[in-house]
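This report refers to the structure that appears directly beneath it.
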Amino acid sequence: MSLNIDNDIHRFKQIVRGKVRRDLRKYMSSTEMIGKEKGRAVRVPLPQIGIPRFRYGKNDTGGIGQGDGEKGDAVDGQTDPAQGQGQAGNQPGEHVLEAEITLEELAEIMGEELELPRIEPKGKKQIKAERDRYTGISRVGPESLRHTRRTFREALKRQIASGTWSPSNPRIIPIRDDKRYRSWTTKAEPQSSAVIIYMMDVSGSMGREQKEIVRLEAFWIDLWLQHNYKNVQNRFIIHDAAAREVDRDTFFRTRESGGTLISSAYQLCWEIIQSDYPPSEWNIYPFHFSDGDNWSKADTEKCLALLKQQMVPAVNQFSYAQVDSDYGSGQFYDDMQGAFADDERVTLSRIPDRDHIMDSIKELLGKGR
Amino acid sequence: MANDSTFLHSRRGLPQELVETQRWIEGVARAYGLDFCDTIFEMCDWEEINMLAAYGGFPTRYPHWRFGMEYISLDKGYEYGLQKIYEMVINTRPSYAYLLDNNTMMDQKLVMAHVFGHVDFFTNNAWFAHTNRRMLDQMANHATRVRRHINAQGQDTVEHFIDMCLSLENLIDPYLPHIRRERSEIERQREADRQTSGPAKMPAKQYMDKYINPPEFLEQQRQRQVDRQQQQTHFPVEPVRDVLGFLLKHGRMKPWQSDILSIIRDEAMYFAPQGQTKIMNEGWACYWHTTMMTRDLLTDAEVIDYADHHSGTVSMRPGQLNPYKLGLELYRDIEDRWNKGRFGKDWLDCKDVAVKRDWDTGAGLGRQKIFEVRKTHNDVTFVDEFLTEHFVREQGIFTYEYDKTAHHFVVDSREFADVKHKLLLMLATRGNPRIEVTDANHGNHGELELTHHHEGVDLQLQWAKQALGSVAQIWGRGAHLRTRVDDGDVILHHDGDHFTIEKLTKAGPKQEKT
């Protein structure tokens with residue numbers, strides 16, 4: 001069925017994608033995709049364009065609340081204005097939606113928003129695994145799956161309807177008919193394994209902002225691949241002139257200085273693949289993030305040779321993403337492009353700034369290999 | 001285009017059961033004294049209701065991306081289970097309200113009862129007296145006009161202009177329809193001056209007149225007078241709060257642009273009373289749905305679902321104020337006070353806490369009083385008049401401030417005076433700074449000067465810059481805004497292309513922009 005509003009929806013989407021009215025894109029909010037991760041709550045990325053108005057700025061007047069608390073106690077539920085978009089919600093449509101959704105749902109949404117294809121797992125280990133998910137409520141089931149809240153609600157309803165409930169003695173006694181149970185559906189999922197090997201250049205030219213971009217991008221790549229494979233392993237390599245394997249935490253925190261020898265990382269990556277992940281059984285996704293300022297031409301040659309002859313044939317996809325930095329020359333991207341322009345096993349992407357993270361992810365994962 | 005004779009794409013009459021329910025609830029509502037115009041309920045699925053909500057309740061609006069944005073937001077919100085629109089009703093005659101087709105019977109009854117509260121409010125509250133009750137047609141008319149302009153000018157051009165108008169949408173005077181402003185004394189005098197006195201002549205006998213006052217001299221005098229008048233004439237004579245109206249009247253625009261601006265202004269004016277009476281209107285509707293549901297409409301089996309649903313409506317997120325809740329409780333408080341005769345001189349003069357606690361003259365005027373209140377007040381006067389210290393304490397209302405060191409909001413005060421002051425300030429401005437046109441001939445260049453009444457909070461400069469740009473574009477020449485930033489007077493300039501900020505030294509003479 002078509003609605004009157006379809007045209008407006010289409011128009012808005014076109015603006016968001018930058019196809020028309022590019023002047024409006026600068027008012028777009030929530031390009032930041034991981035707002036808060038409180039437990040499993042993740043901020044849902046809904047692009048919003050705010051029409052600039054005369055309105056109050058940062059030294060907000062505060063407001064009126066209701067509830068407990070002494071003077072000086074923190075007020076819950078108020079957005080931090082430092083995070084922007086913190087208007088007290090008196091204007092409709094200017095809030096960022098925050099939802100308690102699982103990472104899995106988020107990945108679904110991501111696939112939808114980014115129009116990413118579902119990855120077909122390759123390989124030898126296509127064993128179907130069965131997995132139960134609790135999705136519904138039924139009237140029969142084992143006691144261990146009893147949904148207590150629903151059960152009591154039904155009992156309360158019945159007692160009120162039949163007049164056996166009294167407010168002075170509010171006892172609720174469920175009978176057999178009131179009982180509700182969680183029910184599940186069984187889904188068959190292909191059992192397959194994947195490894196993502198993240199490599200990051202931590203040489204002096206990779207600044208805080210560049211790291212943050214890599215962190216965000218890695219988060220979403222990880223999320224997407226987790227969604228597509230049952231069993232995903234992550235390995236992290238950092239390198240400047242020498243490469244070493246680190247844990248996740250170190251990967252995102254370390255800042256070192258020094259020169260850049262990209263081949264050191266590729267060499268280490270290849271060693272890891274050879275020792276732990278036989279390509280016949282694993283889906284392998286190496287990602288390399290750098291500002292593309294390799295030390296020498298000779299080293300670049302070494303990288304390209306290693307990739308061409310050994311690594312690329314063994315992996316599902318080799319991805320190289322280059323973050324723009326003020327210092328780097330960015331030559332490596334051009335070299336990669338020269339060597340692998342026609343090779344669809346290698347994907348390249350440039351990330352000029354934070355706002356292009358989504359575009360970059362799309363470039364890297366859009367092929368669905 | 002949809003066929004104009006149908007209201008929605010898939011117009012569905014109400015099922016017989018609901019028609020009867022409506023008749024029944026209408027009877028109950030009228031028996032309580034609610035007085036409302038005909039109300040037509042439409043069945044919608046959730047896509048339709050989201051669309052209507054995105055459109056502000058109307059089935060047809062002019063084409064604009066922000067409706068699409070709003071729709072997506074509602075749609076996703078529904079999909080992720082964050083929000084659901086329970087009821088929607090528009091202020092027209094007859095009034096239209098929407099029912100979600102997969103709601104339970106209990107929900108439908110609740111929505112109907114709630115809606116009759118709203119329609120009674122629209123019909124009787126003084127602040128709605130001047131709204132256009134044929135807005136349904138008007139909105140469709142606006143849509144047609146905008147489409148025509150789009151066909152002639154191109155979508156990007158028109159849309160860009162709409163965006164500019166929308167960025168000034170909050171610069172209207174919501175009190176305008178209620179006041180016939182007297183022209184000021186000065187203006188009238190000046191007008192009189194202009195008409196009576198010709199150029200100043202030297203006193204002379206008639207036969208000498210053409211020698212003493214030769215035409216050249218008269219011309220010179222006339223010119224001087226005009227100059228003087230121009231220097232003196234400050235236009236507008238008094239600050240104009242209706243900035244959009246002022247731009248419409250005096251801005252240099254093409255006809256299609258004026259038309260668009262008038263559309264945006266009309267719609268903003270139409271929606272303004274709903275902003276001015278949010279607490280009262282929602283409170284009133286909640287008061288009546290609770291009253292009717294619990295006394296007349298609920299069946300035993302529906303009680304639990306009703307309680308669940310109603311408590312959701314009036315629930316408070318921790319630390320936040322829910323207008324539904326505040327309004328409802330205030331009406332109940334008023335009703336209780338007037339029932340027990342807790343008003344007037346005797347009550348106010350009584351200082352004995354024990355006597356006050358048990359005070360009940362059996363006046364029984366509660367119901368009558370709240371009907372009276374809903375007729376004349378808006379949120380500001382409602383809170384000003386009826387928020388009591390007792391109420392603030394009972395409801396646990398507090399003010400909060402932003403703690404700059406801790407980076408979150410903290411409870412600031414529970415004092416009645418503080419709470420009332422802050423609440424009134426919030427209601428009076430509704431997040432919209434008060435900005436007025438103070439000079440239409442700034443720097444004698446025909447540029448527009450606006451002045452912001454600073455109430456302790458700076459404007460968001462990035463946005464002010466963009467909005468001021470819109471003013472300059474619509475005005476056709478430079479625009480200026482007097483305001484305060486970080487406790488210093490500043491004037492923001494925008495010439496349509498460039499933006500500058502000029503700091504005004506507090507004591508010294510003001511510096512003109514070079």
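So you know, we letter chains A, B, ... as the sequences are listed, proteins then strands, and number each from 1. Model, not experiment: these values are computed from the prediction.
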Rounded distance (nearest 0.5 Å) linking atom CE of M164(B) with atom CD of Q473(B): 4.5 Å

H64(B) and E159(B), any side-chain heavy atoms less than 4.5 Å apart: yes

Residues of residues 162-183 of chain A contacting chain B, heavy-atom criterion under 4.5 Å, by residue number: none

Options G275(B), A54(B), G396(B), ranked by heavy-atom pairs under 4.5 Å with chain A, top entry: G396(B)

Pairwise side-chain contact, F54(A) with V471(B), heavy-atom cut-off 4.5 Å (strictly under): yes

Best-contacting candidate, S413(B), A301(B), P433(B), against chain A by heavy atom pairs under 4.5 angstrom: P433(B)

Verdict with supporting geometry, D163(B) and R53(A), salt bridge (charged side-chain N to carboxylate O under 4.0 Å, His left out): CA-CA 10 Å; D163(B) 291 348; R53(A) 298 219 164 104; over 6 Å; no

Parallel, tilted or perpendicular, as decided by the 30° and 60° cut-offs, for the rings of F499(B) and H494(B): tilted

Which of L171(B), I397(B), L326(B), L461(B) touches chain A most, by non-hydrogen pairs under 4.5 Å: I397(B)

Proximal component of R153(A), with respect to chain B [non-hydrogen, under 4.5 Å]: side chain

Partner chain A: residue of T299(B), L468(B), D305(B) with the largest heavy-atom pair count (under 4.5 Å): D305(B)

Y62(B) and F67(B) aromatic centres sub-6.0 Å: yes

Interface residue of largest heavy-atom contact number with chain A, from D418(B), D308(B), L166(B), under 4.5 Å: L166(B)

Under 4.5 Å from a heavy atom of chain A, the part of L168(B) involved: side chain

Heavy-atom pair count under 4.5 Å with chain A, highest-scoring of P323(B), P63(B), S167(B): S167(B)

Part of R66(B) within contact of chain A (heavy atom distance under 4.5 Å): side chain

Reported CD1-to-CD distance for the pair I160(A) and E302(B), which is rounded to 0.5 angstrom: 12.0 Å

Ion pair E154(A)/R150(A), N-O distance below 4.0 Å: no

Contact origin within K465(B) toward chain A - heavy atom pairs under 4.5 Å: neither

E436(B) side chain to H453(B) side chain, donor-acceptor N/O pair below 3.5 angstrom: yes

Pairwise side-chain contact, D487(B) with D458(B), heavy-atom cut-off 4.5 Å (strictly under): no

Polar contact flag, side-chain donor to acceptor under 3.5 angstrom, N432(B)-Y56(A): no

